[in-house]
Structures are given as structure tokens and as C-alpha cells.
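On a predicted model such as this, the values are computed, not experimentally measured, just so you know.
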Amino acid sequence: TDHRPGFPIWVNLQVLHKWWGKGVSYGHQLGTSAKPWKEFFNSPPQKNSLAFVMQGVGTLEAIKHEIENDHLSNFTQLVKAETLADLLDQAKHLFSAGFFLAAGVIGRAVLEEHMRTVCDILNQTPAKARPTLYDFNQSLYAADHYSKTKMKQIDALASIGNDAAHNKSELNADDVKRMLRELPEVIESTML
């Protein structure tokens, strides 16, 4: 170790790589929540200098701050919302290509996942082992999260999605078109 001014202070390489491996493992455990720090976790330590270690410590402190202040859950919600928006775009693409049943099934899945997320955030998840979209809707309505009119609109969209999933003969493309048109507003008006 050289402590002269202007020279980097070197750290034990074995200890650095052990510490770094734990940090990378932690980044993987955070999943999509670690997206802001992805570049840091994906780059192996280039130097065994104290400056590099301090950069890593700073990153871990930033993550700790985000966790302690519940910011990671907000980030996870944004990622989930983006994923649902992508799925909704795929459903619209399938519909425009003439696959209205598939579009209806995907639309229903988007609605159900959104409702599940809102229930989780509000601690209103139904106590059933396998709650359905209907259960999520009833739970949020009972918690006064939205009006009876909104609850009935969601029921109607869920019915369209169920008909698509079960290939009901009475379902037509106009029903699915309505569902895909109304879903963004329903998601926007029921999110937190």
C-alpha cells in the first residue's frame, strides 16, 4: 500500500472481489428495482483502489436510502405500469391484425394485474387463496377506492375478457375494441 499524496490507496484484491460478488448478488435480488444501478452492478471492478470501493459504498448507501424511504416500491410500480402499457399495445396490435380473441385475453390480463397491484398497495387484497378479478374489484369498491359506476365498468370489461378467454360465441370484435379503448382510462382513474 502506497500512502503518498496523489497515489491511490490499494485494497486487498480478494476481499474486494468477495465484497463485489455480494453486491452484484444483491443487485440481482432487487430485480427490476435495481435498474438505476444496473450499469454499476454489471461492470466488474476495474481497479482495486479505495476510490472504486468508495464508489461502491456510495451506491449501496443510495440503495439503502431508497429502500428506507419506500422509493423502490414506487419505482417497481412504474416498471410494472410500463410493462402493462407494453402489453396493452400488443393487444391493440393483435386486434388490428384481426386476432380479437387474443387481444381480449391480453386486455383482461392487463386489467387483472393492475387491479391486483392496486389492492396490494392499499392492503385490500382479498383473503381468498386465489382471488379473481371480480374479487379485486369488489375489494376496492368496498374500500371506497372508486364509485359504483367505476366498479360496474370494470365488471363489464372483465366479462369481455372472460368471454374472450373462454371463446364465447356471443363475443364480437366490437366488444374487445370497447375494452381496449376503455382500459387506459380505467387504469389511469384507479391507480394511486
Quick one: side chain to side chain contact (heavy atoms under 4.5 Å, CB included) partners of [X], sequence neighbours excluded?
X: Glu182; result: Gln153, Leu157, Arg178
X: Ala173; result: Phe95, Phe100
X: Ser139; result: Cys119, Gln124, Pro126

Nearest heavy atoms of [X] and [Y], plus distance in Å:
X: His145; Y: Leu122; result: ND1-CD1, 3.4 Å
X: Leu180; Y: Gly107; result: CD2-CA, 4.5 Å
X: Val176; Y: Gly104; result: CG1-N, 3.7 Å
X: Leu94; Y: Ala102; result: CD1-CB, 4.0 Å

Query raised in the report: How would you list all residue pairs meeting salt bridge (Lys or Arg N to Asp or Glu O under 4.0 Å) that involve residues 97-111, not counting sequence neighbours?
Result: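 Applying salt bridge (Lys or Arg N to Asp or Glu O under 4.0 Å) to every pair that reaches into residues 97-111, excluding sequence neighbours, yields Arg108-Glu112.
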Query raised in the report: With sequence neighbours left out, which residue pairs that include part of residues 139-155 fulfil the salt bridge (Lys or Arg N to Asp or Glu O under 4.0 Å) condition?
Result: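 Every salt bridge (Lys or Arg N to Asp or Glu O under 4.0 Å) pair that includes a residue of residues 139-155, provided the two are not neighbours, is Lys150-Glu185.
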If you measure from [atom1] on [X] to [atom2] on [Y], what distance do you get to the nearest 0.5 Å?
X: Leu111; Y: Ile106; atom1: CG; atom2: CD1; answer: 14.0 Å
X: Phe136; Y: Lys128; atom1: CZ; atom2: NZ; answer: 9.5 Å
X: Ile187; Y: His114; atom1: CD1; atom2: NE2; answer: 5.5 Å
X: Arg130; Y: Asp135; atom1: CZ; atom2: CG; answer: 12.0 Å
X: Asn172; Y: Lys177; atom1: CG; atom2: NZ; answer: 11.0 Å
X: Arg116; Y: Ile121; atom1: CZ; atom2: CD1; answer: 13.0 Å

**Report entry** Any Asp163 side-chain heavy atom under 4.5 Å of Asp175 side chain
**Finding:**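 Not in contact.
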Query - pair Ile154-Tyr146: side-chain heavy atoms closer than 4.5 Å - result: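 Ile154 reaches Tyr146 side chain to side chain.
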Query raised in the report: What residues, two or more places apart in sequence or in another chain, satisfy side chain to side chain donor-acceptor pair (under 3.5 Å) together with Ser96?
Result: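 Counting only residues at least two positions away or on another chain, Ser96 forms no side chain to side chain donor-acceptor pair (under 3.5 Å).
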Requested in this report: Please step through side-chain hydrogen bond (donor to acceptor under 3.5 Å, both in side chains) for the pair Thr117 and Asp120, ending with a clear verdict.
Outcome: CA-CA 5 Å; Thr117 300; Asp120 287 348; 5.6 Å; no
Query raised in the report: How about Asn162 and Ser159: does a side-chain donor come under 3.5 Å of a side-chain acceptor?
Result: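 Side-chain D/A pair, Asn162 to Ser159: absent.
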Requested in this report: Determine whether Leu183 and Val105 fall in the same hydrophobic cluster, where Ile, Leu, Val, Met, Phe, Trp and Tyr are linked whenever their side-chain heavy atoms lie under 4.5 Å apart.
Outcome: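 Per the 4.5 Å side-chain linkage, Leu183 and Val105 are not co-clustered.
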**Report entry** Linked, directly or transitively: Leu171 and Tyr134 (ILVMFWY side chains, under 4.5 Å)
**Finding:**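 No, because Leu171 and Tyr134 fall into different hydrophobic clusters, even though each may have its own neighbours under 4.5 Å.
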Query raised in the report: For Thr190 and Leu140, what are the C-alpha separation, side-chain angles and deciding distance, and is it a side chain to side chain contact (heavy atoms under 4.5 Å, CB included)?
Result: CA-CA 9 Å; Thr190 59; Leu140 291 171; 6.0 Å; no
